[in-house]
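Below you'll find the structure, written out as structure tokens, and then a few comments.
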Amino acid sequence: MAPIDLPETLRLSLLDRSRTRHGETHAAALEATLRRAEHAETLGFHRFWTAEHHAVPGIASGSPPLLIAAAAARTERIRLGSGGVMLPHHRPLVVAEQFAMLEALYPGRIDLGVGRSLGFTAPVREALGVTEYDIDTFSRDITAVQDFLNGRGPVTALPVLENPPPVFVLATGRGLESAARAGLPVVVGGPRLLADPSPLDRYRDSFRSNGAMSEPYVVVSLEVMIADSTAAARELLLPEGWAMAESRETGEFGPLRSPEEIRDRILRPQQLRRMDEWMAGTVHGDAERVAGELARLAQRTGADEIMASTSTYDRGDLARADSELAELFHQ
């Protein structure tokens, strides 16, 4: 297959979930996220987003606004945002106030990504106090957040902004329909959606301009890993793949362990199958292979932006992978 060049207009961003490593403190994981944000800025990434996960042992970040504020204080230019704030657990006014505050302090650098995940397990959902949340409520809450940010709410969200931060929808299925009706950009991921871009075509066809956003905009998020070879890249993804496979059985998404420790384990056929399925949804290999796969992905989905959500056990390897990925987009 002939190689396809990466589109010149394709943007590149990072999503960091503050993944913990076995035996380290959560504070160390958060500090590593902030260092990665600094590194991402020097490499020329367009955005650096953080995540919201509650009571997940392998993820230290439960509050995107606080982590965004810390990252903004240590960077100067890169856009910072949430991937995303989960609206079932927050009142729209509070979300609008938090991100209005961030935008006022760091103007022109803040993004608000919103999602509708209820939580990783039933006990977490119960602790958060929300066990049901349908797409219609999600759509109403998105509208309410936008109204507060733009001074149209029943009360005034402070601080008042001349240029509110853009709102992105973390979307699958009917979430894409909601984003299209609201005239909002979307962040999509998952093997099924990326394999079948027809929902994205429907999003574009039904997109209604909201004034601030005149054209549809698609961010594709997935794991991307560059190493000297496909085998080496797969080795670096092994810790995350194993954690995902384990979570399917135990309900616990735990800290990353080293590839060496995982290889020493006796893995059951079901675990190996789940890891292979997860690996199939990633883009990994040497730089040439990754560039070709990303170019084909962009061509197939019409993506405007790639947001890599990659993690691995050794943060030195992760920093090198980030550098090589950025280099693909700046040649």
Side-chain angles (χ1 to χ4, degrees), residues 13-18 26-27 29-31 33-34 37 47-56 59-119 124-125 127-130 133 137-171 175 178-179 182 184-187 210 212-213 219 307:
S13 299
L14 287 180
L15 170 64
D16 186 282
R17 290 174 294 153
S18 302
H26 289 161
L30 294 172
E31 172 59 27
T33 291
L34 299 179
R47 306 180 208 275
F48 185 89
W49 279 15
T50 63
E52 177 182 340
H53 293 275
H54 298 283
V56 178
I59 298 177
S61 171
S63 178
L66 288 175
L67 199 50
I68 290 167
R74 289 172 54 164
T75 55
E76 296 180 358
R77 299 175 305 281
I78 193 169
R79 295 195 67 90
L80 300 161
S82 55
V85 168
M86 296 301 140
L87 290 185
H89 312 306
H90 308 279
R91 299 301 301 165
L93 173 61
V94 175
V95 174
E97 288 176 330
Q98 289 172 340
F99 279 80
M101 179 72 76
L102 288 168
E103 177 65 25
L105 294 172
Y106 303 100
R109 298 181 57 202
I110 303 301
D111 303 318
L112 169 55
V114 296
R116 62 186 184 103
S117 173
L118 291 174
V124 171
R125 293 189 287 273
L128 289 167
V130 180
Y133 186 82
T137 305
F138 184 48
S139 298
R140 287 195 296 271
D141 282 350
I142 291 173
T143 298
V145 169
Q146 289 181 279
D147 286 345
F148 283 123
L149 284 172
N150 288 278
R152 300 190 297 262
V155 298
T156 301
L158 301 174
V160 174
L161 300 172
E162 184 175 344
N163 296 301
V167 177
F168 292 72
V169 180
L170 280 63
S178 297
L184 296 176
V186 294
V187 183
N210 65 11
M213 192 85 185
V219 183
M307 181 171 284

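Atoms considered below: every heavy atom in the structure, side chains included; atoms not considered: hydrogens, waters and symmetry mates.
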Minimum side-chain heavy-atom gap Leu87-Val145 below 4.5 Å:
yes

Does atom CE of Met213 have more than 12 heavy-atom neighbours from other groups under 6.0 Å away?
yes

Between atom CG of Asp111 and atom CG of Leu102, what is the distance when rounded to the nearest 0.5 Å?
11.0 Å

Within the side chain of Ser13, is there an N or O that forms a donor-acceptor pair under 3.5 Å with the backbone of Phe48?
no

Taking all non-hydrogen atoms of both residues into account, name the closest pair between Leu170 and Gly83 and its distance.
CD2-C, 3.6 Å

Determine yes or no for a side-chain-to-main-chain donor-acceptor pair under 3.5 angstrom, with Asn210 supplying the side chain and Ala182 the backbone.
yes

Counting only N and O atoms by type, is there a donor-acceptor contact under 3.5 Å from the side chain of Glu103 to the main-chain atoms of Gly108?
yes

Measure from the side-chain N and O atoms of Glu52 to the backbone N and O of Met86, and report whether any donor-acceptor pair falls under 3.5 Å.
yes

Look at the aromatic rings of His54 and His90 and report parallel, tilted or perpendicular, splitting at 30° and 60°.
tilted

Is there a donor-acceptor pair under 3.5 Å between the side chain of Asn150 and the backbone N or O of Arg152?
no

Nearest heavy-atom neighbours spanning Gly119 and Val124:
CA-CG1, 4.2 Å

Any side-chain to backbone donor/acceptor pair from Ser139 onto Ser178? Under 3.5 Å, distance only.
no

In terms of heavy-atom contacts, does CZ of Arg74 have more than 12 from other residues, nucleotides or ligands at under 6.0 Å?
yes

Please check this pair: side chain of Arg79 against backbone of Ile110, looking for a donor-acceptor N/O pair closer than 3.5 Å.
yes

Does Phe138 form a side chain to side chain contact (heavy atoms under 4.5 Å, CB included) with Val169? I'd like the steps, not just the answer.
CA-CA 10 Å; Phe138 184 48; Val169 180; 3.9 Å; yes

Below 4.5 Å, heavy atoms only, C-beta onward: do Ile68 and Ser82 meet side chain to side chain?
yes

For a quick test of reading the model, state the closest non-hydrogen atom pair linking Leu128 to Leu118 and the distance between them.
CD1-O, 3.8 Å

For the side chain of Thr137 and the backbone of Tyr133, is there at least one donor-acceptor N/O pair under 3.5 Å apart?
no

Given side chains that start at C-beta, do those of Val85 and Phe99 come closer than 4.5 Å, heavy atoms only?
yes

Atom pair CG (Leu80) and CG (Leu67), whose distance is rounded to the nearest 0.5 Å
9.5 Å

Closest non-hydrogen atoms of Gln98 and Pro65, given as atom of the first, atom of the second and distance, are OE1-CG, 3.5 Å

If we only count heavy atoms from C-beta on, is the Ser18 to Asp16 side-chain gap below 4.5 Å?
yes

Any heavy-atom pair between the side chains of Thr75 and Arg109 that's under 4.5 Å?
yes

Minimum heavy-atom separation for Pro92 and Asp141, please, with both atom names.
CG-OD1, 3.8 Å

4.5 Å side-chain heavy-atom contact, Met101 and Pro159
yes

Show the nearest heavy-atom pair for residues Tyr106 and Ala69, with the distance to one decimal.
OH-O, 3.9 Å

Distance check, rounded to the nearest 0.5 Å: Ile59 atom CD1 versus Leu30 atom CG?
11.5 Å

Taking the side chain as everything from C-beta on, heavy atoms only, tell me whether Gln146 gets closer than 4.5 Å to Leu149.
no

Interatomic distance, CG@Asp147 vs CD1@Ile142, rounded to 0.5 Å, equals 12.0 Å

Is the closest side-chain heavy-atom distance between Phe168 and Trp49 below 4.5 Å?
yes

